[in-house]
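Since the structure comes first, as structure tokens, the remarks are kept for the end.
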Amino acid sequence: MPQACVIGAGIAGLAASIRLRSKGYEVRVFEANPYTGGKLHAAKYGDFRFDLGPSLFTLPHLVDELFDLMGESPKDHFEYHQKSTSCHYFWEDGTRFQAPADRAAFCQEASRVFGEAEENVLGYLKSSDRKYELTAPVFLEKSLHRLNTYTNAKTLKALALSSGLGIFKSLHKVNQQRFTNPKMVQLFDRYATYNGSDPYRTPGIMSMIPHLEMGIGTFYPKGGMHRISQSLYELAQRHGVKFHLGTPVTRLHPEGNRIGAVETASGNYPCDLFVSNMDVVPTYRKLLPGVAAPERTLQQERSSSALIFYWGISETFPELDLHNIFFSEDYREEFRHLFETRDLANDLTVYVNITAKETPSDAPKGSENWFVMVNAPGDYGQDWATLRAKARQLILDKLSRILKRDIASLIQTEAVLDPPEIARRTSSFRGALYGAASNDRMAAFLRHPNKHSRFDNLYFVGGSVHPGGGIPLCLLSAKIAAAAIPECRNSA
Ligand code: FAD
């Protein structure tokens, strides 16, 4: 039976291993960490459980279809439900907005809180739907690096309509032209952070992102986000994928126009096919030294990273939900610090995720598990001890001011994750959460393709390659790569 090696068991590596298995390959996955899931991992600090990375779950059918592919019922192994409120938003002046998932209710509430005309908000959401429906089949669900993508009628239509899609202005400009209330503009600018970009530079086409939340919906997996990677790991194991945990791949061995073997501390493994789920920058720099690298792609600006505080809080806050955002007063300044001076502004937008709202056992009775995150620049060797201390103080001051409680006095347990640690744990270049940033109109075309241009049997999946970062796009990267890989059922 032909053999395939997957390097890395992040969400995309797990999905790739399942898809290759379904194509008849014998699959081995080499994972540097003693656990699978990469950024999608969990931990217990004291009596509090935390999802360590992603907290927002969209497009769950992309997980379901992996179970379907293997002939299993997703519901038997992986359950989730749709959220009726997508997020609670807070501002310093006391404005609060609980965003309903229901579209009509959202428009009504936005009109009440922000004074925006309901039809105007609805018009924006409809245009978000249209942009998504027109561009996703072209830019997210297919390889952009195959000629037939461009000869396809849908692509031609998307390109022909591209100026109307807001490609030539920033997301902020699109939002500012639509809404009168700056808070509404800020709320919709925030969607740039879904792929770690800057709303003042990322193209207006990103105004399709709200469609994911307000057109399709946000979801929560039973047992927490970690169940996404864990259930795929279990699925892969049930179907015979072999996992080598705690086994970093140290080199790929080229043989002519193919890769012959992976090298690990426990020996070399020859294989027929290779899929790298390692960030594409270290894949070239570390695993393929001496092989010409696509420098323009590798030197693209990276997405933002994050500073996360995991706090066990000895009280409950009925005004908070699963997702909560406390906005800064100067959003532009925040992004200037993230992408220009590469440090932190003096007022930060704070995201608080509380899974105990959905799974009470994640925290002791009367307490809550707070995942508190601020956007941070990538790791360029800054003084992270100083930045961590600054962020912690700013966060505590803001949350205490807005929630009118002394938050510091409620912290029972504490852990922190910063960009260098994200890089160390997952090999993400500069600790970027989403690979390259989409601050440029050409970013989609500059992302590394899912197949190597010279080595016939080397493929790439994950947040640093096409179509991009975030759970849904990582799952799509595995789907696009697998579609280009030949079936080998007959030879099995
Ligand atoms: P990763 O998760 O980066 O995993 C790569 C794996 O490869 C790791 O396990 C690593 O150990 C392994 N590896 C690397 N090199 C080697 C080697 N040489 N040999 C063997 N193994 C190797 N996305 C969302 O959709 N929603 C969110 O709300 C969200 N929030 C986020 C919050 C945080 C704090 C973070 C960190 C990320 C967030 N993301 C979110 C982004 C999302 O987590 C990532 O895009 C996605 O999980 C990346 O998956 P991946 O498959 O590319 O690889």
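Indexing begins at 1, ligand by ligand and atom by atom, following the structure's order.
Here Y434 has side-chain heavy atoms under 4.0 Å from ligand 1, and that is the only part of it that gets that close. For K286, no heavy-atom contact with ligand 1 is shorter than 4.0 Å.
Within ligand 1, the atoms closer than 4.0 Å to a non-hydrogen atom of G462 are 52 (O), numbered from 1 in the order shown. Annotation for ligand 1: atoms under 4.0 Å from non-hydrogen atoms of G463 are 52 (O). Listed by number with element, the atoms of ligand 1 under 4.0 Å from a non-hydrogen atom of P248 are 19 (N), 20 (C). Shown in contact with G38 at under 4.0 Å from a heavy atom are these atoms of ligand 1, numbered in order with element: 2 (O), 4 (O), 8 (C), 9 (O).
Using modelled atom types, one finds no donor on one side chain facing an acceptor on the other under 3.5 Å when comparing T247 with T264. Judged purely by distance below 3.5 Å, without hydrogens or angles, the side chains of H88 and E319 never pair a donor atom with an acceptor atom. Looking at E72 and H77, their side chains do bring a donor and an acceptor atom within 3.5 Å of each other.
Taking 4.0 Å as the cut-off between side-chain N and carboxylate O, D272 and R258 do not count as a salt-bridged pair. Using a 4.0 Å cut-off between charged side-chain N and carboxylate O, E421 and R425 make a salt bridge.
Between A32 and ligand 1, a contact under 3.5 Å exists for at least one N or O pair. At a 3.5 angstrom cut-off on N or O pairs, A12 counts as close to ligand 1.
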Using residues 477-485 as the side-chain source, report each donor-acceptor pair under 3.5 Å to any protein atom, sequence neighbours left out, with the distance given to one decimal.
from, atom 1, to, atom 2, distance (Å)
S477, OG, G462, N, 2.9
S477, OG, C474, O, 2.6
K479, NZ, E65, OE1, 3.4
K479, NZ, E65, OE2, 3.0

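The closest approach between any non-hydrogen atom of R425 and ligand 1 is below 4.0 Å. Residue contacts with ligand 1: P472 is included, with a non-hydrogen atom under 4.0 Å away.
Remark: among candidates L417, I471, N277, the nearest residue to atom 24 (C) of ligand 1 is I471, based on non-hydrogen atoms. Nearest to atom 18 (N) of ligand 1 by heavy-atom distance, out of V249, I11, T426, D279, is V249.
Partners of N457 under the side chain to side chain donor-acceptor pair (under 3.5 Å) rule, at least two apart in sequence or in another chain, do not exist in this structure.
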- Task: Test ring-ring contact (aromatic ring centres under 6.0 Å, His included) on Y269 and F274 and set out the steps.
- Result: CA-CA 11 Å; Y269 290 83; F274 299 83; over 10 Å; no
